[in-house]
Protein chains: 2
Amino acid sequence: MAKGKSETLIDVAKYAGVSIATVSRYLNGVKVRPELAAKVADAVEKFDYRLNPAARLIKGQKSGTIGLILPELDHPYFAALLEGAAEQAREFGQNILVGSCHGKHEVEEQTIDQFAHNILDGLIYTPVAKSVNLIEIEAFRELPVVIAARDQSVYPQLPHVYQDTHGGGYLSTKYLLSLGHRKIAFFASFWEPDFTEKEMLEILKTPGTGVYSSLNRFRGYLDALEEFGVEYDPRLVIKCSYGFEDGKSSAKHLLSRMITFDSIVTASDYVACGVIDTLEAQGISVPNDVSVMGYGDLELSKMIKPQLSTIHQNMFEIGKQSVRSLYEVIHDRTAEDIMLDVELVVRDSTSKKDT
Amino acid sequence: MAKGKSETLIDVAKYAGVSIATVSRYLNGVKVRPELAAKVADAVEKFDYRLNPAARLIKGQKSGTIGLILPELDHPYFAALLEGAAEQAREFGQNILVGSCHGKHEVEEQTIDQFAHNILDGLIYTPVAKSVNLIEIEAFRELPVVIAARDQSVYPQLPHVYQDTHGGGYLSTKYLLSLGHRKIAFFASFWEPDFTEKEMLEILKTPGTGVYSSLNRFRGYLDALEEFGVEYDPRLVIKCSYGFEDGKSSAKHLLSRMITFDSIVTASDYVACGVIDTLEAQGISVPNDVSVMGYGDLELSKMIKPQLSTIHQNMFEIGKQSVRSLYEVIHDRTAEDIMLDVELVVRDSTSKKDT
DNA sequence: CTGTTAGCGCTTTCAA
DNA sequence: TTGAAAGCGCTAACAG
């Protein structure tokens, strides 16, 4: 590896009394006469010999390494994705090169650039905002890429593996509507939005919105409202990020608008926790006074009181599937876009509207 | 990278009208006559040329990639460590190859083996149990290695970066003692212990216990008890793992022993949450009837009710520091063992024993 | 099926 | 300083 002058093909061949080509063949699974194979096996064993990966690479072999760029590594959603990817990669005998960008664009570019210097068979990528133009990065020209956790609108020409975020927003909202709620607030979480709340409706119509998964959730929200004939009220929409503190401040923000609301759809269990915390601190009971929907079905949602009604999404599976899809692409097969379903999970943070 | 017949040194040299050696030198920061340098710079720019990493590797250059093997990737402790490592690595222009082993030994070996086939400048490693003999893995013979989140007892010859787990156990226990508690239960969390509760006291004396951070916590617990002249009662010790469910079942287990206890020291905020959940379900109030200490100061600890008194540890920093230490070793400098302090964080899950 | 040999793209002597 | 040329360890085309 790093230092360590290990043996080479020549040593092994010499010891086995065959040519280096034979050793190479044997090690690469090409047919070799059994007697020779045995001798080679012996020599390989004796030296605990491994082919030098660098030397193979230079001959255009695959590196067995795939890149994975995520907005954040210590966020439960992405951590689960990563764990899934790691598991699948291990099964494939692949290694994973990770990069995190703290949800920041600038860091993302730097990370991509650093990856570009490396030897990758392929890349799994979860962009934080649509303006990155991965495709323009020269080094990635010919690199197989799969987009994870973002929908097809992002890079239409690449395979995507993602959750049905629209369905998530829709299910949340519809469920609240079915409980009798009509003043449903929507907390739209973004990493780095370059637009305002007011512009959200407008942005919805532009292409490439898939980087903003909350926009899809928002679409689901609007669709459910429409289905129930409830008029959209922009004052019920709050833009925030994905954390506990965001939930707290957004709840305060909503409260400060002095409008009535009977329920809230969030984009994250963390946000939902923050919301509940603030609401209860204000003497507003969840779910008696206000119903709150989480998103993600993190373990956390079962740990707090009230337990969170939420949307279950399987990020672990997204990770695994992304690796599988990438594997296909790397081996010159095609990979379809894959959308995984989400599920409504009803617990205790929502209840029938008392009339 | 993967495919894509990119330019080579020859193309650049030809275009610049110099020899390939000159281009190589220029690109490697070796002195070159300004006029030539300019021409080369030009050519490089024009082709957006990058040295082929594989070809450099074969000449014994560094890969710029370090490995990181963790018991789990979607566990908040390790996710934070990873995020820290990723940040520091980015600053160093290094890439990180991650491996997770689900806290399982067998997977760990497989992961290590997979890494061994790769080209790494070094490795950061958090073993799950002491029996792995990393050193015996031939491929790692000469690889710089730093042990993260495990104390010096693990591989005495390697640099370690870890938290003061002993201090954590000690602080927790001492704090409870100072509140007047005397029947302090200890929940010992392990990934894959190969011993029983009864053997813990025995194991404590054997070398290499650092892989079991709970053992150090346990030492701290014992030391605090001794300091306050409280006799150790093995019936108050429960062995478990690190999750919410473990906390629940362990609390039930303790309850089933029908002995009195007034407080519990855990090894994880998750466990503490489970404990509180179960206790309260049994009508036992936290902290009024029983005080509970968490461990880790996860964001979660502020999100539940009661907010957790816990031990703060900075896993992010462990990750960063590990990369820094490894960087030193890679560059043939020495790296000292580094122990980071932990801090007692008092919130609402603990209170004075009412007498 | 096996051995010989020509590179892969780069770094690094060695002379100039 | 610079350029020419000798490898680094391996794969694959070629001839046997």
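Since the structure is predicted, the reported quantities are computational estimates derived from the model, not experimental observations. Here is the naming used below: chain letters follow the sequence lines, and residue numbers restart at 1 for every chain.
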Participant: Consider side chain to side chain donor-acceptor pair (under 3.5 Å). Of B:N95, B:N118, B:D121, which one does B:S63 pass it with?
Facilitator: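 Answer to the side chain to side chain donor-acceptor pair (under 3.5 Å) test with B:S63 among B:N95, B:N118, B:D121: B:D121.
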
Participant: Just the endpoints, please: which first and last nucleotides of DNA chain D, 5' to 3', lie under 4.0 Å from a heavy atom of chain B?
Facilitator: D:dT1 to D:dG9

Participant: Assess whether a salt bridge exists between A:R90 and B:D113, defined as any Lys/Arg side-chain N lying under 4.0 Å from an Asp/Glu carboxylate O.
Facilitator: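 No salt bridge links A:R90 with B:D113.
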
Participant: Aromatic rings A:Y162 and A:H160: how do their planes relate, parallel, tilted or perpendicular, breaks at 30° and 60°?
Facilitator: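 The arrangement is perpendicular - the two ring planes meet at more than 60°.
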
Participant: How far apart are the closest heavy atoms of A:L158 and A:D337, and which atoms are they?
Facilitator: O-OD1, 3.6 Å

Participant: Can you tell me the distance, in whole Å, between the CD atom of B:Q61 and the P atom of C:dC10?
Facilitator: 12 Å

Participant: So how far off straight is the helix from C:dC1-D:dG16 to C:dA16-D:dT1, going by the axes through five pairs at either end, to 10°?
Facilitator: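 Comparing the first five pairs with the last five, the axes sit 40° apart.
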
Participant: Between C:dC10 atom C1' and B:D11 atom CG, what is the distance in whole Å?
Facilitator: 13 Å

Participant: Does the pair A:S100 and B:E83 meet the rule for a side chain to side chain donor-acceptor pair (under 3.5 Å), with working shown?
Facilitator: CA-CA 7 Å; A:S100 160; B:E83 185 80 59; 2.5 Å; yes

Participant: Test side-chain contact (heavy atoms from CB on, under 4.5 Å) on B:V146 and B:V161 and set out the steps.
Facilitator: CA-CA 8 Å; B:V146 166; B:V161 180; 4.1 Å; yes

Participant: Let's go through B:F316 and B:Q321 carefully: what are the C-alpha distance in whole Å and the side-chain angles of both, what is the deciding distance for side-chain contact (heavy atoms from CB on, under 4.5 Å) to 0.1 Å, and is it a yes or a no?
Facilitator: CA-CA 9 Å; B:F316 184 84; B:Q321 184 55 55; over 6 Å; no

Participant: A:I10 near the nucleic acid: base, sugar-phosphate alone, or nothing, with a heavy-atom cut-off under 4.0 Å?
Facilitator: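 Contact class for A:I10: none.
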
Participant: Show the numbers, then the answer: is there a side-chain contact (heavy atoms from CB on, under 4.5 Å) between B:I66 and B:L97?
Facilitator: CA-CA 6 Å; B:I66 62 184; B:L97 208 61; over 6 Å; no

Participant: Identify, with sequence neighbours excluded, every residue that meets salt bridge (Lys or Arg N to Asp or Glu O under 4.0 Å) alongside B:E87.
Facilitator: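 For B:E87, the residues satisfying salt bridge (Lys or Arg N to Asp or Glu O under 4.0 Å) (neighbours in sequence not counted) are B:K320.
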
Participant: When B:F78 is tested against each of B:L68, B:L70, B:V98, B:I318 for side chain to side chain contact (heavy atoms under 4.5 Å, CB included), which residue passes?
Facilitator: B:L70

Participant: Whether A:R324 and A:E317 form a salt bridge (side-chain N of Lys/Arg under 4.0 Å from carboxylate O of Asp/Glu) is what I want to check.
Facilitator: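 The answer is yes: the pair qualifies as a salt bridge.
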
Participant: Using a cut-off of 4.0 Å on non-hydrogen atoms, how would the nucleic acid contact of B:S24 be classed: base, sugar-phosphate, or nothing?
Facilitator: base

Participant: In residues 26-40 of chain A, what residues come within less than 4.0 Å of DNA chain C, judged by heavy atoms?
Facilitator: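 Only A:K31, A:V32, A:R33, A:L36 qualify.
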
Participant: Measure CG/B:L9 against C1'/C:dC10 and give the value in whole Å, please.
Facilitator: 6 Å

Participant: Is any side-chain N of the basic residue among A:K46 and A:D11 closer than 4.0 Å to the acidic one's carboxylate O?
Facilitator: no

Participant: Can you tell me how far C1' of C:dC10 sits from CD of B:E7, to the nearest Å?
Facilitator: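 Result: 16 Å.
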
Participant: List, with names and distances, any nitrogen or oxygen atoms from the protein found under 3.5 Å away from nitrogen or oxygen atoms belonging to nucleotides 4-7 of chain C.
Facilitator:
unit_1	atom_1	unit_2	atom_2	d
C:dG7	N2	A:K59	NZ	2.2
C:dG7	N3	A:K59	NZ	3.1

Participant: B:E35: what forms a salt bridge (Lys or Arg N to Asp or Glu O under 4.0 Å) with it, not counting sequence neighbours?
Facilitator: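 Only B:R33 meet the salt bridge (Lys or Arg N to Asp or Glu O under 4.0 Å) criterion with B:E35.
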
